[in-house]
Structures are given as C-alpha cells and as structure tokens.
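What follows is one structure encoded as structure tokens, with my remarks underneath.
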Amino acid sequence: MITRFITEVNTKFNPFSMRSRATRLFLNSLPPNARQSMQINTTLLPRASTLPATLLVKFKDGKEMNLDGEKLGIKGIIEEVDRHSRALQKQADLADG
C-alpha cells in the first residue's frame, strides 16, 4: 500500500466488534513510521456501543475518502486507497520527469 500521499487518518470504532475488523486491519497495515508522515487519530468506542466504525482518509491533494469497512472489507479499503495513491504517484512522476 502506498502511504506516502496520505496526510491524515481518522478512525472511530468499537475494538470488540466484528463489524470493526476492516478498520482495525487498515490501521494495522500502516507502516511503523506512519506517525512521522501523517496524523493518525483513533477514537475507541465503548464495548456496548452500536455505532458503526468510521474510517476517514485524507490525501495530500485534499481529497477525503470516507470508507465503510463493513461494505468494502479490508481488501476493498486498501484497493480504494491504493487507487487514489497510484493516481497521485503518476502525477508526481509526470511532474518530475
């Protein structure tokens, strides 16, 4: 996953809910040095909470993606983030070259 163009990740989830699995796995897939290059905000909901998990990803070009982990799953989330990151990578390569 290309994380160079991500500036901010905001999550809100119940860590005990199976419905939050994709959001937890997305946070797990971020590289260890991610906090140096992006802002990561995590809000943990109480165990009894029935609120859905939210995942908001902001990119350097200003685009914000509000992703639903229940519908997309972890593969869908990573696919959407990578799709936009690859487009930004292509723009950066064209500007440099």
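Computation of the quantities below employed the complete heavy-atom set of this structure, encompassing side-chain atoms and omitting hydrogens, waters and symmetry-equivalent molecules. Since the model is a prediction, treat every value here as computed from it, not as a measurement.
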- Message: As an exercise, state the distance from OG1 of T23 to CG of N28, rounded to the nearest 0.5 Å.
- Response: 12.5 Å
- Query: Is any side-chain heavy atom of T11 closer than 4.5 Å to a side-chain heavy atom of N41?
  - Reply: no
- Distance from L44 atom CG to F16 atom CZ, nearest 0.5 Å? 8.5 Å
- Item | Separation between CD1 of I77 and NZ of K71, rounded to the nearest 0.5 Å | 12.5 Å
- Task: To the nearest 0.5 Å, tell me how far F5 CZ sits from Q91 CD.
- Result: 8.5 Å
- Looking only at heavy atoms, what is the nearest atom pair of M38 and E8, with distance? CB-N, 4.3 Å
- Query: So, for I74 and F26, which heavy atoms are closest and what is the spacing to 0.1 Å?
  - Reply: CD1-N, 3.4 Å
- Going by heavy atoms in the side chains, are L25 and L27 under 4.5 Å from each other? no
- Query: Is any side-chain heavy atom of Q39 less than 4.5 Å from a side-chain heavy atom of T7?
  - Reply: no
- Task: Answer yes or no: is there a side-chain heavy-atom contact under 4.5 Å between V81 and I6?
- Result: yes
- Message: Is any side-chain heavy atom of T42 closer than 4.5 Å to one of F13?
- Response: yes
- Does atom CZ of R21 have more than 12 heavy-atom neighbours, drawn from other residues, nucleotides or ligands, at distances under 6.0 Å? no
- Are the side chains of T3 and S37 in touch, meaning some heavy atoms are under 4.5 Å apart? no
For residues 46-60, tabulate all N or O donor-acceptor pairs below 3.5 Å that involve a side-chain atom, not counting sequence neighbours.
residue, atom, partner, partner atom, Å
S49, OG, L51, N, 3.3
K60, NZ, R4, O, 3.3

- Item | Residues forming a salt bridge (Lys or Arg N to Asp or Glu O under 4.0 Å) with R83, sequence neighbours excluded | E79, E80
- Note on the structure: Residues passing the side chain to side chain donor-acceptor pair (under 3.5 Å) test with S85, sequence neighbours excluded, are none
- Query: Of the non-hydrogen atoms in I40 and A34, which two are nearest, and what is the gap between them?
  - Reply: CD1-CB, 4.0 Å
- Straight-line distance of S17 OG to L45 CG, nearest 0.5 Å: 9.5 Å
- Message: So, taking the atom named CG in L67 and the one named CG in L72, what distance separates them when rounded to the nearest 0.5 Å?
- Response: 6.0 Å
